[in-house]
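Working notes, beginning with the structure itself.
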Amino acid sequence: MITDGNCIFCKIVSGEIPSIKLFEDDRTICFMDINPANRGHALVIPREHWVDVHAIPDEAISAVVITAKRIAGALDTSLAPDGINLVQCNGAGAAQSVDHFHMHVLPRVAGDELKLNWGLVSGDSDQIKATAARIRAAL
Ligand code: AMP
Ligand code: ZN
């Protein structure tokens with residue numbers, strides 16, 4: 001298993017640092033973004049450390065997309081957002097801030113005017129945990 005001891009998402013995979021998990025299988029993990037652009041913002045990652053779309057093997061990115069689809073369904077059922085974006089960033093110029101491949105599952109609120117560089121603002125951890133419980137119940 002390919003891992004990077006300095007990578008924050010590898011530390012989430014290993015359990016070295018905590019996360020608010022929604023789902024995991026043998027290839028992927030999904031957890032809540034701690035700086036949610038909107039309520040319900042989640043991240044899907046491969047367990048293995050691949051930096052970006054150029055590095056990740058086909059079977060790993062396929063597993064991520066399958067999990068993202070499942071999470072999007074649960075988000076839709078539980079939170080009924082106005083829409084959902086699946087977003088994935090590669091390189092600093094594309095606002096990638098964590099060098100471990102990840103896909104954002106990003107619920108939208110009509111009129112939120114979110115841009116691709118939406119900025120990182122800490123969320124309220126109790127609120128994120130309560131939202132996660134609702135999404136989990138719909139998985
Ligand atoms: P990106 O900017 O596309 O690389 O996305 C990285 C995302 O990871 C950002 O939305 C951060 O808020 C999120 N993030 C960073 N550290 C953590 C963490 N420890 N737990 C959950 N989300 C995180
Ligand atoms: Zn990593």
Side-chain angles (χ1 to χ4, degrees):
M1 161 120 163
I2 297 165
T3 189
D4 177 338
N6 295 316
C7 167
I8 191 156
F9 286 177
C10 284
K11 288 181 183 172
I12 285 177
V13 171
S14 70
E16 197 180 319
I17 67 165
S19 65
I20 304 168
K21 230 172 257 172
L22 291 179
F23 175 82
E24 58 187 319
D25 61 17
D26 55 336
R27 307 294 306 263
T28 65
I29 296 188
C30 176
F31 53 91
M32 301 301 284
D33 197 304
I34 49 170
N35 307 300
N38 271 332
R39 188 179 61 137
H41 184 175
L43 299 170
V44 181
I45 66 169
R47 284 182 182 273
E48 290 202 288
H49 181 87
W50 307 107
V51 171
D52 58 19
V53 73
H54 310 297
I56 190 168
D58 288 354
E59 54 281 13
I61 195 172
S62 302
V64 168
V65 170
I66 290 165
T67 297
K69 178 182 176 181
R70 183 167 180 169
I71 300 302
L75 265 172
D76 203 42
T77 305
S78 57
L79 303 182
D82 294 316
I84 297 173
N85 284 121
L86 302 182
V87 185
Q88 194 276 312
C89 310
N90 303 281
Q96 181 177 11
S97 62
V98 177
D99 286 338
H100 180 130
F101 185 97
H102 50 280
M103 184 161 284
H104 297 265
V105 184
L106 183 47
R108 298 299 302 273
V109 178
D112 64 16
E113 296 297 334
L114 275 188
K115 308 289 183 248
L116 278 176
N117 294 12
W118 54 75
L120 303 181
V121 180
S122 295
D124 176 272
S125 117
D126 287 341
Q127 234 171 49
I128 296 173
K129 282 179 187 156
T131 301
R134 288 178 60 184
I135 301 168
R136 258 185 240 114
L139 273 167

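Predicted, not measured: the structure shown is a model, and the values here were computed from it. Counting convention: from 1, in listed order, for ligands and their atoms alike. Side-chain atoms are counted along with the backbone in the values below, which use heavy atoms only and exclude waters and symmetry mates.
- Under a 4.0 Å criterion applied to the non-hydrogen atoms of Q96, ligand 1 contributes the atoms 4 (O).
- Residues V105 and L75 meet the side-chain proximity criterion, which asks for heavy atoms closer than 4.5 Å.
- The protein atom (non-hydrogen) at minimum distance from atom 1 (P) of ligand 1 is H102 NE2, 3.1 Å.
- Side-chain contact check for L43 versus C30: every heavy-atom pair is 4.5 Å or farther apart.
- Inclusion of I17 in the set of residues having an N or O under 3.5 Å from an N or O of ligand 1 is not warranted.
- In S19, neither the side chain nor the backbone holds a heavy atom less than 4.0 Å from any atom of ligand 1.
- Protein heavy atom at the shortest distance from atom 10 (O) of ligand 1 is D33 OD2, 2.5 Å.
- In this structure, OG1 in T131 is found 5.5 Å from CE in M32, a value given to the nearest 0.5 Å.
- Taking 4.5 Å as the limit, every side-chain heavy atom of F9 sits out of range of all side-chain heavy atoms of D4.
- Here the side chains of I128 and P36 are in contact, with some heavy-atom distance below 4.5 Å.
- Considering backbone and side-chain N/O of N35, one or more are found under 3.5 Å from N/O of ligand 1.
- For H104, every heavy-atom contact with ligand 1 shorter than 4.0 Å involves the side chain, none the backbone.
- The SG atom of C10, the Zn ion (ligand 2) and the ND1 atom of H49 define an angle of 110° (nearest 10 degrees).
- Nearest to atom 22 (N) of ligand 1 among the protein's heavy atoms is I34 N, 3.4 Å.
- Considering only heavy atoms from C-beta on, Q88 stays 4.5 Å or farther from V64 through its side chain.
- Against a heavy-atom cut-off of under 4.0 Å, F31 is close to the following atoms of ligand 1: 21 (C), 22 (N).
- Looking at H100 and the Zn ion (ligand 2) together, the shortest N, O or S contact belongs to ND1.
- Other residues, nucleotides and ligands contribute only 12 or fewer heavy atoms inside 6.0 Å of the CG atom of D58.
- Ligand 1 has a nitrogen or oxygen under 3.5 angstrom from a nitrogen or oxygen of V98.
- Every atom of ligand 1 is numbered from 1 in the order shown, and the set under 4.0 Å from a heavy atom of C89 is 3 (O).
- The residue V87 has no part lying near ligand 1, judged by heavy-atom distances below 4.0 Å.
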Is there a side-chain contact (heavy atoms from CB on, under 4.5 Å) between V87 and W118 once you walk through the steps? CA-CA 12 Å; V87 185; W118 54 75; 4.2 Å; yes
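- To the nearest 0.5 angstrom, H100 atom NE2 is 10.5 Å from I2 atom CD1.
- Among all non-hydrogen protein atoms, the one lying nearest atom 4 (O) of ligand 1 is S97 N, 2.6 Å.
- Side chains of R70 and L139 form a contact here, defined as non-hydrogen atoms less than 4.5 Å apart.
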